[in-house]
Structure formats: structure tokens, C-alpha cells
K.L.:
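Below is one structure. I have some questions about it.
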Amino acid sequence: MDPEGDPAGLVERAQELSALGELLEAARLGTGRFALLEGPAGIGKTSLLDACVKQAEQLGLVGLRARGDEVAMDSPFSTVRELLWPAVSETEAEVFVGAAQFAAPVFDVTANRGESRDRAGAVLHGLYWLVANLAERRPMLLVLDDAHWLDPASGRFLLYLARRIDSLPVLLLAAARPGEGPDPMGVPALSATADAVLRPSPLTEFGAGVVSWDRGRMTSFAAHAARRRAAIRSTSGR
Ligand SMILES: Nc1ncnc2c1ncn2[C@@H]1O[C@H](COP(=O)(O)OP(=O)(O)O)[C@@H](O)[C@H]1O
Ligand SMILES: [Mg+2]
């Protein structure tokens with residue numbers, strides 16, 4: 001391992017970053033994949049997602065991200081709405097042409113909640129075409145963090161899209177903690193569908209040492225900066 005870590009500032013994650021880099025490159029060239037980052041809290045999933053978004057932007061992909069949230073479980077498609085909203089709000093109505101029009105109620109806050117918004121087949125089909133229309137403009141990375149807490153409608157769309165992703169220039173990347181969330185079979189269903197499952201290992205003792213050394217350095221740097229600010233204030237009489 002490089003004791004300095006990699007350019008993303010993560011230690012002992014070169015393998016994961018390289019696998020994600022290859023998946024991004026494949027998506028950029030038109031072959032979409034669904035990848036799942038699986039592991040317990042604190043293992044470094046969100047940090048890898050952050051690094052992947054940066055890599056995607058460097059490669060010219062649009063990076064969109066959202067996370068599952070226990071408190072939004074009752075709102076159908078809330079996470080999908082959060083995920084796609086920045087792209088949808090920036091584009092004209094033409095991304096809703098053809099079958100994508102069936103996805104419009106998901107983004108229409110005045111639409112009736114419940115049945116019409118969650119009309120399973122048509123809306124899933126519409127959302128798929130919406131993603132296809134958006135990706136036609138620029139390849140995309142779609143990131144769903146804490147996927148064990150997706151509202152059920154967003155969870156269905158994630159699986160629906162994952163099964164059809166290969167012909168789109170899209171890397172769909174989710175992170176989840178196995179055994180957590182309302183549905184014990186939720187994460188196993190995701191990993192059974194994924195083209196690639198990455199399970200980051202716990203850091204070695206050496207890697208953990210590098211991280212805590214780095215944190216110590218940051219803390220002493222912050223303390224030094226605070227002392228300097230205080231000294232400047234006291235000499236300037238403020
Ligand atoms: N490989 C790594 N190198 C350096 N710091 C890391 C690494 N993995 C995780 N961390 C740090 O550990 C903490 C928890 O990581 P996080 O990505 O939030 O984990 P998770 O999303 O799996 O709960 C964060 O402060 C993060 O910066
Ligand atoms: Mg996390």
C-alpha cells in the first residue's frame with residue numbers, strides 16, 4: 001500500500017477505485033453496469049462513492065446522487081426524485097417525450113399522491129426512458145447511498161433499471177449495509193442483481209494507523225491555526 005494513500009485521500013482502496021474507474025469508463029463508452037458497495041457502517045462506503053463521483057466528473061460524466069432515508073420511506077419515489085431532480089430541472093420538457101412522459105407524475109408535486117404516483121408498471125417504464133433520454137445527452141453516474149433505506153417504490157426502480165442498464169451509458173452505483181433496513185431481503189436482492197459487488201475490507205492495522213496519523217495532523221493543524229488567529233486578534237486589540 002502507498003502510505004500516502006491514493007489521490008482520493010483514501011488508504012487501502014486502490015483496488016476498489018480501479019474497479020470503479022473501469023466501470024465508469026465502460027459506462028462512458030455506452031455499456032452500463034450496476035455495481036453495489038456492500039459493508040457495515042463506517043467501512044468507507046460513502047467515502048468511496050464521493051471518490052467515484054469525482055472520478056466520473058473528471059471523465060466527463062454527469063454525477064447525480066441521493067440517499068435512502070428512513071424518514072422518507074412513506075413517500076413513493078422520494079429518493080428517485082431527489083436523484084434525478086437536478087438533471088430534470090435543468091432540462092426542457094423534451095426529456096419527458098415518448099414513454100418518459102409516464103414518469104412526469106413523479107416530479108409533479110401537485111400530482112395525486114399514492115396510486116397515480118406509484119402506478120407500478122407505467123411509472124417504472126417512464127423513469128427508465130427518462131434516464132435513457134438524460135443519458136443520451138451525457139453519460140451518467142447515478143449514486144444511491146444507504147440503499148437499505150430506499151422507499152419501496154425507489155427500491156423497485158433501482159432493480160428495474162439495474163436489469164436493463166447494459167444498453168445505457170450509465171453506471172448505477174448503490175451502497176448498502178446488509179441486514180439493515182425494513183426488508184431483510186432488500187440488500188441480498190440488490191447483490192443478486194448487481195454486475196459487480198465490492199465489499200471493502202476493514203483497514204489493516206497499518207492503514208488505520210495512517211488514517212489516525214492523518215487525523216492527528218489535521219487536528220494539530222486546526223489547533224495551530226486557531227492559536228494563530230487568537231494571537232493575531234490579541235495583538236490587533238480586537
Ligand atoms: N479508506 C479510507 N481511508 C481514509 N479514511 C477512511 C477510509 N474509509 C473510511 N474512512 C473514514 O472513515 C469514516 C467513515 O467512512 P464512511 O465512508 O462514512 O463509511 P460508511 O459510509 O461505510 O458508513 C469517514 O470519516 C471516512 O473519512
Ligand atoms: Mg455511509
Side-chain angles (χ1 to χ4, degrees), residues 1-24 33-58 63-73 78-84 86 141-152 154-155 157-159 162 171-184 186-191 193-223 225-226:
M1 192 211 61
D2 172 8
E4 291 295 319
D6 54 60
L10 297 177
V11 297
E12 297 182 340
R13 292 294 182 251
Q15 216 180 316
E16 288 80 1
L17 288 167
S18 140
L20 290 171
E22 281 174 26
L23 291 165
L24 283 170
R33 290 284 178 251
F34 169 42
L36 178 67
L37 270 174
E38 206 183 272
I43 198 79
K45 301 181 296 301
T46 300
S47 309
L48 276 165
L49 298 180
D50 294 342
C52 191
V53 171
K54 281 194 199 133
Q55 261 183 303
E57 285 165 358
Q58 282 161 7
L64 298 177
R65 64 187 298 168
R67 53 190 282 261
D69 188 341
E70 190 175 352
V71 301
M73 288 288 287
S78 55
T79 306
V80 167
R81 198 160 40 248
E82 184 188 335
L83 179 72
L84 299 178
L141 165 68
L142 298 178
V143 168
L144 286 167
D145 200 356
D146 293 334
H148 49 282
W149 277 122
L150 288 181
D151 63 87
S154 295
F157 178 60
L158 172 56
L159 286 173
L171 174 59
L172 180 60
L173 175 62
R177 294 181 215 154
E180 295 202 26
D183 176 6
V187 180
L190 292 180
S191 63
T193 307
D195 299 299
V197 182
L198 306 180
R199 296 188 178 91
S201 311
L203 296 182
T204 62
E205 213 174 305
F206 178 69
V210 171
V211 173
S212 64
W213 180 79
D214 231 28
R215 283 195 183 139
R217 207 170 48 152
M218 292 302 286
T219 312
S220 63
F221 178 78

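Start at 1 and go down the list; that is how both ligands and their atoms are numbered.
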K.L.:
Only heavy atoms of A41, strictly under 4.0 Å: list the atoms of ligand 1 that pass.
P.N.:
23 (O)

K.L.:
Report the part of A175 in contact with ligand 1, treating N, CA, C, O as backbone and CB onward as side chain, heavy atoms under 4.0 Å; options are side chain, backbone, both, neither.
P.N.:
neither

K.L.:
Consider ligand 1: state whether an atom of it lies below 4.0 angstrom from any non-hydrogen atom of R13.
P.N.:
yes

K.L.:
Within the structure, is a non-hydrogen atom of G42 found at a distance of less than 4.0 Å from ligand 1?
P.N.:
yes

K.L.:
So, the side chain of T193 versus the backbone of L159: is there a donor-acceptor pair under 3.5 Å, distance only?
P.N.:
no

K.L.:
Do D151 and S154 have side-chain atoms, one donor and one acceptor, less than 3.5 Å apart?
P.N.:
yes

K.L.:
Between the side chains of K45 and D146, is the shortest nitrogen-to-carboxylate-oxygen separation below 4.0 Å, so that they form an ion pair?
P.N.:
no

K.L.:
Listed by chain and number, what are the side chain to side chain donor-acceptor pair (under 3.5 Å) partners of D195, not counting sequence neighbours?
P.N.:
none

K.L.:
With a 3.5 Å cut-off and sequence neighbours excluded, list the donor-acceptor pairs that the side chains of residues 177-184 form with protein atoms.
P.N.:
unit_1, atom_1, unit_2, atom_2, d
R177, NH1, E180, OE1, 2.9
D183, OD1, M185, N, 2.9

K.L.:
Given S47, G207, G44, which one has a non-hydrogen atom that is nearest to atom 27 (O) of ligand 1?
P.N.:
S47

K.L.:
Would one find more than 12 heavy atoms of other residues, nucleotides or ligands at under 6.0 Å from atom CD of Q15?
P.N.:
no

K.L.:
Does the shortest distance from the Mg ion (ligand 2) to an N/O/S atom of T46 fall below 2.8 Å?
P.N.:
yes

K.L.:
With heavy-atom distances below 4.0 Å as the criterion, list the atoms of ligand 1 near K45.
P.N.:
17 (O), 19 (O), 20 (P), 21 (O), 22 (O), 23 (O)

K.L.:
Taking 4.0 Å as the limit for heavy-atom contacts, which would you say applies to I43 with ligand 1: side chain only, backbone only, both, or neither?
P.N.:
both

K.L.:
How far is atom 1 (N) of ligand 1 from its nearest protein heavy atom, and which residue and atom is that?
P.N.:
V11 O, 2.8 Å

